[in-house]
Amino acid sequence: MSESRKIVIVGGVAGGASAAARIRRLDENAKIVMFERTGYISYANCGLPYYIGDVITDKSELTLQTPRSFGTRFNVDVRVSHEVTSIDRAGKTVSVKNLLTGEEWAEPYDILVLSPGARPVIPDIPGNNLKNVFTLRTVEDTFRIKEFADEKKPERAVIFGGGFIGLELAENLVNEGIAVSIVQRSKQVMSPIDMEIASFVHARLRKAGINLVLGDTPKALEEREGAITVRLNSGASIEADMAVFAMGVVPETALANAAGLELGLKGSIVVDKHMRTSDPAIYAVGDAVQVRNYVSGSDAVISLAGPANRQARIAADNICGIESTYKGSMGSSVIKLFDQTLAFTGLNEKTCKASGIPYDKIFLSPSNHAGYYPGAKAMTMKVIFDRNADRILGAQIIGYEGVDKAIDVIATAIQTGMKASALKELDLAYAPPYSSAKSPVNMAGFMIENLENGLIKQYFYEDLDNIPKDGSANLIDVRTPGEYNAGHLDGFVNIPVDEIRDRLDEIDLSKPAYLMCQAAIRSWIAGRILIAKGVDCYHFAGGYRLYKSIATEKMAAEQTMPCGADK
């Protein structure tokens, strides 16, 4: 490579810093200059909430590399507190401003890499800039919140937004003894999951004492004797000592837009499979770019560290003459929720329905490891698939240990194009403390195969209002009498699965049967017994356990009012 080759990188962190390091490993002679407008070029975005909650106690742990250490190791001219204000594509220069001195100049480049990231969404409402109102995106944001919490000892906090940052921050504030309210525009937190799995998330948040205010948005923030009154569009209000906007992010593409680069979804930068923009001398990576959803093939903006790092590597490879392509992102993610774990990958049901993608779904509640080994706990899995194509579309899991492992296996299966039913064939590691001989992923494959072969039919929570209750169908709860008496659906009679062969005279075999059990295992067995007698059978997907979680959440949502609400 020629010594005259100069690569300018705008922005650090996952995208820019990774690109710089990869370029240097491939080309020792290139001149690399990196501009970052904050004071940090490589830091752990995902770890920021945990510093506020004293899980991470040393602030230096947040900075993966200092500007000096990074510059020394990779021979990169790192300039923090420098903002690139414009791009002259014809002259191949960028205008740079030193934010500490005010000095400005034009910096030439041969290749330009844009990694501007994304900016927090802050609604244009009164009071959005009060001194005890924050965002959480950068290291500087984190230090401001931490300093405020340590000095002012707030007792109440309101978080606007129930995504990754909102939930992680909520957990850490609760662990610091702060009462937290989460205000979320939609009727559920974590938009990438569906309402059934969200019901378990809501239950865990409420168990921790978090006040969920769903289907509402802030209208105004008013300062009152050092505290904040949050006025909501519903007319309710919340009293708090601090507020944090965590309502998501939008691509930071003003620089690209002003330079005339092609923009796409949500104003993101359009790139090709090599991460090259509409200008062949300019590449872009990270949260600011439009990518391809690996499963649906549609355009998407996916703000995650993993994809940003991979995109940076691919851009660097192509800059250095190595053919490399980005095949898209599935949005595979995991988040800690106190003692539980939520993970998901691929498409959710909402997206499939809205996009007209044919799909089916299963629910299962396997244990994370062998039931006879102490400490086994159930996880709840939803797997979405295309029955006709035998294709996995996505999955969502909530539980305890083993959730991350199961979602990674399913994500790998999607990435490799594995058939949905082939999940049953995976030869996965087993020992009683870690998994079961039939792992949760294997079980999903068994269920999908059974459905594809027509061995049983399912009905779902959304179908309950439409199942026949006029005597034209058998409604049977096949759990034990104790389980049945502890709670059951109206109209369902109790015939335990182990008694069903001896009590066939209580069932009209000419009518269809709708079956219910605790976790959809016994109802499957009962269904196969009745199908052998010629009965048209349907079993409730997910069982009474799933039904109760959804029904309880709906009731809780209807009864919940914001703290200090005024109506």
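Checking side-chain atoms of D216 against main-chain N and O of S234 turns up a donor-acceptor pair under 3.5 Å. A distance-only check finds a donor-acceptor pair linking the side chain of S355 to the backbone of T351 [under 3.5 Å]. Using a distance-only test at 3.5 Å, with no hydrogens or angles considered, a donor-acceptor pair links the side chain of N442 to the main chain of L423.
With Y294 as the aromatic partner, K327 does not meet the cation-pi criteria of under 6.0 angstrom to the ring centre and within 45 degrees of the ring axis. Judged by the 6.0 Å distance and 45° axis criteria, R204 is not positioned over the aromatic ring of F200. Annotation: cation-pi pair K273/Y326 absent, no NZ/CZ under 6.0 Å from the ring centroid and within 45° of its normal.
If you check the side chains of T412 and Q415, you find no donor sitting under 3.5 Å from an acceptor. In summary, the side chains of T217 and R185 do not present any donor paired with an acceptor at a separation below 3.5 Å, with no hydrogens or angles considered. Side-chain contact annotation: S186 with Q188, donor-acceptor N/O pair under 3.5 Å absent. Between the side chains of Y538 and Q458, no donor N or O sits under 3.5 Å from an acceptor N or O. One side chain, T380 or R545, offers a donor N or O that lies under 3.5 Å from an acceptor on the other. Checking D194 against Q396 by side-chain atom types alone, a donor-acceptor pair falls below 3.5 Å. Using a 3.5 Å distance cut-off with no hydrogens or angles, the side chains of N309 and S18 do pair a donor with an acceptor. Looking at T57 and D54, their side chains never bring a donor and an acceptor atom within 3.5 Å of each other.
Ring centroids of F148 and F134 are separated by less than 6.0 Å, placing the two rings close together. Two rings, from F245 and F160, have their centers less than 6.0 Å apart. Between F540 and Y461, the ring center distance fails the sub-6.0 Å criterion.
The neighbour count for K350 NZ, taken as heavy atoms of other residues, nucleotides or ligands under 6.0 Å away, is above 12. Crowding of D339 atom CG: a count of heavy atoms from other residues, nucleotides or ligands under 6.0 Å exceeding 12.
Ion pairing between R144 and D141 holds under the 4.0 Å rule for side-chain N and carboxylate O. A salt bridge links E483 and R522; the closest N-O separation between the charged side-chain nitrogens and carboxylate oxygens is under 4.0 Å. Salt bridge present: K361 and E196 bring a charged side-chain N and a carboxylate O closer than 4.0 Å. Here E401 does not pair with K377 in a salt bridge; the nearest charged N to carboxylate O distance is not below 4.0 Å. Look at E239 and R156 and you find no salt bridge, because none of the NZ, NE, NH1 or NH2 atoms lies under 4.0 Å from a carboxylate O.
Of the residues listed (L546, I398, I550), the one engaging I197 in a side-chain contact (heavy atoms from CB on, under 4.5 Å) is I398, and it is the only one. Each of R387, K457, K382, R391 was evaluated against D360; a single residue qualifies, R387, per the salt bridge (Lys or Arg N to Asp or Glu O under 4.0 Å) test. A side-chain contact (heavy atoms from CB on, under 4.5 Å) with E168 is found for exactly one of I335, L337, L136, namely I335. Residue P251 is tested with V289, D287, I269, V301 for a side-chain contact (heavy atoms from CB on, under 4.5 Å); the sole match is V301.
Here the straight-line distance linking atom CD1 of I56 with atom CG of L48 works out to 8.0 Å at 0.5 Å rounding. Expressed to the nearest 0.5 Å, how far CD1 of I193 lies from OG of S333 amounts to 11.0 Å. Note: I362 CD1 to I448 CD1 = 4.0 Å, rounded to the nearest 0.5 Å.
Under the 30°/60° scheme for interplanar angles, the aromatic rings of Y484 and H488 are found to lie parallel. Y459 and Y514 have perpendicular rings, their planes meeting at more than 60° on a 0 to 90° scale where under 30° would count as parallel.
In terms of heavy-atom proximity, Q290 sits nearest to V271 at O-CG2, 3.6 Å.
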*Assess whether side chain to side chain contact (heavy atoms under 4.5 Å, CB included) is satisfied between Y430 and H369, documenting all intermediate values.*
CA-CA 9 Å; Y430 159 62; H369 60 64; over 6 Å; no

